[in-house]
Amino acid sequence: MECFYGTLVSNIALGGHFVGLCHHCRNSLLFMLQGKGLFAKRSMKKGETIFIERPLVSAQFLWNTLYKYKACEYCLRALETAEGNARRLSGIPGLSLPHPELCRVRPEQHQACPQCQVMYCSSECRQAAADQYHRALCLGPSEDDPDHPINKLKDAWKSMHYPPETSSIMLMAKMVAMVKQAKDKAHLQKLFTHFCSRTANEEEEIAHKLLGEQFRGQLALLHSLFREALYDDHLSRWFVPEGFRSLFALVGTNGQGIGTSSLSQWVHACDALELPAQQREHLDSFIDQLYKDIEKETGDFLNCEGSGLFLLQSSCNHSCIPNAEASFPDNNFLLHLSALCDINQGEEICISYLDCCQRDRSRHSRHKILRENYLFVCSCPKCVSQMDELDVTSEEEEEEEGVAEGETEGDEMEDEMTDV
C-alpha cells in the first residue's frame, strides 16, 4: 500500500489492531483497522486522501478487452493515447486534440510478452506480471486458439456474463496462477483468506443470488472448465465444487471495479490549465462537443474496465451515506480512498457498495441489492431513519422487473448471471 506521498505504508500490529504508518511522515497515522472495519486515527478534512492501495490481483473485463479497450495487462493503465482514444470512441478518424502534450501515455515504453504478445505499459509491468502470475497463464502461440482450455473458460464466461461487466473469471485464474508461481504459497493463500468468501449468511437466511439452484448448470460448466484449465494440487480445495463456489463468491463480493482512461486524464489536465477567458471557452466547447460525439457513437462505455481485490479497501464497511469513496486518478490500478466529508477521530470510514443511482433508490430496493450481492442487511443511519417506510420497490426497479417479466426463463438466467 502507499500513502499520498507515494511512499510505502506498513500494516503494524498493535494489540490486534492495524494502523497505517507513512514512512515519509511517521507521525501521520490516518486510519486503524479493527476487525472488519476501518476507523480514523485522526481527524481528516473533506477531499483528503486516506490511503492509496495497490491490488493484490486485478484483471481487465473480458468483453472490455474484446471491444478493443486497450489496457496494460498488469496495471490496467490505458494504452491508447488520448487522441487515439477520442478518435475510436467518437468515430472521427481525423480528430485532433488540442494540447496533445497533456497526454501522459508513452507508446514508446509499451512492451509485449515475447511469447503471447499481450501488451504492457512498461518493462516494469511486464516483468512484474511474469514474476507474479503470467508464466503460469501465458498461452504463447495458442493465444488465439479457441480450443485452448483457458480460452474455452474465457468464452464460457463471456457467454454467461454480458456488459455491463462487474467481474471476470480471469481474476480467479490469476489467483490460482499467483499461488502456482509463489515461493511462499501458504502466505499468499493466507492473504486471500482475509477476503469474505461465504456463499450464504445463515443468520439472516440469505444466499448469494448467483449460487442458487437456477444457476447450477452454469456454475457446473465453469467449474469443469476452470478445473481443466488451471488445476493445481496446492489448491485442491479451490477446485472441489464447494471451494469453487466460495472462490466465486469471494470475487463477486470483494471485487472493486477499476476504470482507466487516457482521454479522461487529458480532460482533467485541460481543466487545470490557466487560460485566457476566450481560450478557456473555446477549449470547454471543444470538449463538450467531443463528449456529445462519443455519446452518439459509443454510449456510456468510455473506459478500460476491470476489477481487483484490495485488502484494505475490502475492510471498509458499507453505508448508504458514505464518508469516503474510491477513485483511480493515476490511470492505473492504484486505488485512492478519499474523504467525502470531514471525518472525526475515531469515526468509522465507510464506503458505499452501491453506485450513485442505487443509493437514491428506496430502502427496500437498496436492501434487496445488498442482500443478494453482499449477504447482509444494512443498518446505516439512512436505513435506520427509513425503517418505518413501506417495503416498496423504487420506480426504476419496478420498470426493470416489468421488462424481466416479459422475458423467457433462459433470458432471465442470462441477465442475472451478469450481475456478479
Side-chain angles (χ1 to χ4, degrees), residues 2-7 24-25 44-53 64 67-72 75-110 119 121-122 124-125 257-306 322-342 355-357:
E2 300 176 43
C3 76
F4 50 87
Y5 290 102
T7 52
H24 182 92
C25 52
M44 285 174 271
K45 295 293 184 182
K46 178 180 178 179
E48 186 171 352
T49 300
I50 301 169
F51 62 75
I52 301 173
E53 184 179 12
N64 193 257
Y67 286 149
K68 302 189 185 306
Y69 289 80
K70 299 176 182 178
C72 174
C75 77
L76 273 66
R77 184 183 300 277
L79 297 178
E80 287 181 300
T81 63
E83 189 168 86
N85 191 215
R87 288 174 176 176
R88 179 174 61 83
L89 294 177
S90 67
I92 305 174
L95 180 70
S96 295
L97 295 185
H99 304 287
E101 72 281 359
L102 297 180
C103 176
R104 300 181 189 175
V105 177
R106 298 291 177 262
E108 68 277 6
Q109 296 179 4
H110 297 173
M119 291 300 298
C121 68
S122 64
E124 291 81 7
C125 278
I258 300 170
T260 63
S261 168
S262 55
L263 178 60
S264 176
Q265 199 174 42
W266 173 84
V267 169
H268 286 305
C270 286
D271 290 341
L273 287 175
E274 295 184 5
L275 298 172
Q278 188 173 3
Q279 290 184 34
R280 167 55 60 190
E281 183 179 353
H282 180 73
L283 181 58
D284 289 347
S285 177
F286 175 88
I287 293 172
D288 289 343
Q289 183 59 49
L290 174 59
Y291 275 114
K292 289 177 183 178
D293 292 337
I294 289 174
E295 183 177 12
K296 182 179 179 181
E297 178 72 16
T298 309
D300 295 330
F301 296 99
L302 306 182
N303 300 334
C304 298
E305 296 180 348
N323 57 12
E325 70 174 356
S327 63
F328 298 88
D330 295 329
N331 191 33
N332 62 11
F333 61 14
L334 289 181
L335 180 149
H336 293 233
L337 192 76
S338 304
L340 288 173
C341 58
D342 291 350
D355 62 34
C356 294
C357 293

Backbone of [Y] reached by a side-chain donor or acceptor of [X] within 3.5 Å:
X      : Y      : result
Glu48  : Lys45  : yes
Asn332 : Leu334 : yes
Asp355 : Cys357 : yes
Ser338 : Glu325 : no
Tyr69  : Ala78  : no
Ser285 : Glu281 : no
Thr81  : Val105 : no
Asn331 : Gly259 : no

Notebook entry, point to check: For His268, which residues count as a side chain to side chain contact (heavy atoms under 4.5 Å, CB included) partner, sequence neighbours excluded?
Noted result: Ser264, Asp271

Margin query: Could you work out, with side chain to side chain contact (heavy atoms under 4.5 Å, CB included) as the rule, every residue matching Lys296, not counting sequence neighbours?
Written below: none

Item checked: Shortest non-hydrogen separation from Ala71 to Leu76 and the atoms involved -> CB-O, 3.8 Å

Do [X] and [Y] have side chains that approach each other closer than 4.5 Å (heavy atoms only, starting at C-beta)?
X      : Y      : value
His336 : Asp330 : yes
Asn303 : Thr260 : no
Leu95  : Leu290 : yes
Leu335 : Ile258 : no
Pro100 : Cys103 : no
Leu79  : Met119 : yes
Glu53  : Leu337 : no
Leu97  : Leu263 : yes

If I take atom [atom1] from residue [X] and atom [atom2] from residue [Y], how far apart are they, to the nearest 0.5 angstrom?
X      : Y      : atom1 : atom2 : value
Lys292 : Ser90  : NZ    : OG    : 14.5 Å
Cys72  : Gln109 : SG    : CD    : 11.5 Å
Cys304 : Phe328 : SG    : CZ    : 13.5 Å
Leu89  : Thr298 : CG    : OG1   : 4.5 Å
Cys121 : Arg106 : SG    : CZ    : 12.0 Å
Ile294 : Gln289 : CD1   : CD    : 10.5 Å

For atom [atom1] of [X], is the number of surrounding heavy atoms from other residues, nucleotides or ligands below 6.0 Å larger than 12?
X      : atom1 : result
Asp300 : CG    : no
His99  : NE2   : yes
Gln278 : CD    : no
Glu108 : CD    : yes

Next item on the list: Check the pair Ser261, Leu302 against side-chain contact (heavy atoms from CB on, under 4.5 Å), reporting the backbone distance first and the verdict last.
Entry: CA-CA 7 Å; Ser261 168; Leu302 306 182; 5.8 Å; no

Note to self: Salt bridge check, Arg280 against Asp284: does any charged N sit closer than 4.0 Å to a carboxylate O?
What the structure shows: yes

Checklist line | Passing candidate, side chain to side chain donor-acceptor pair (under 3.5 Å) with Glu80, options Lys70, Arg88, Arg87 | finding: Arg88

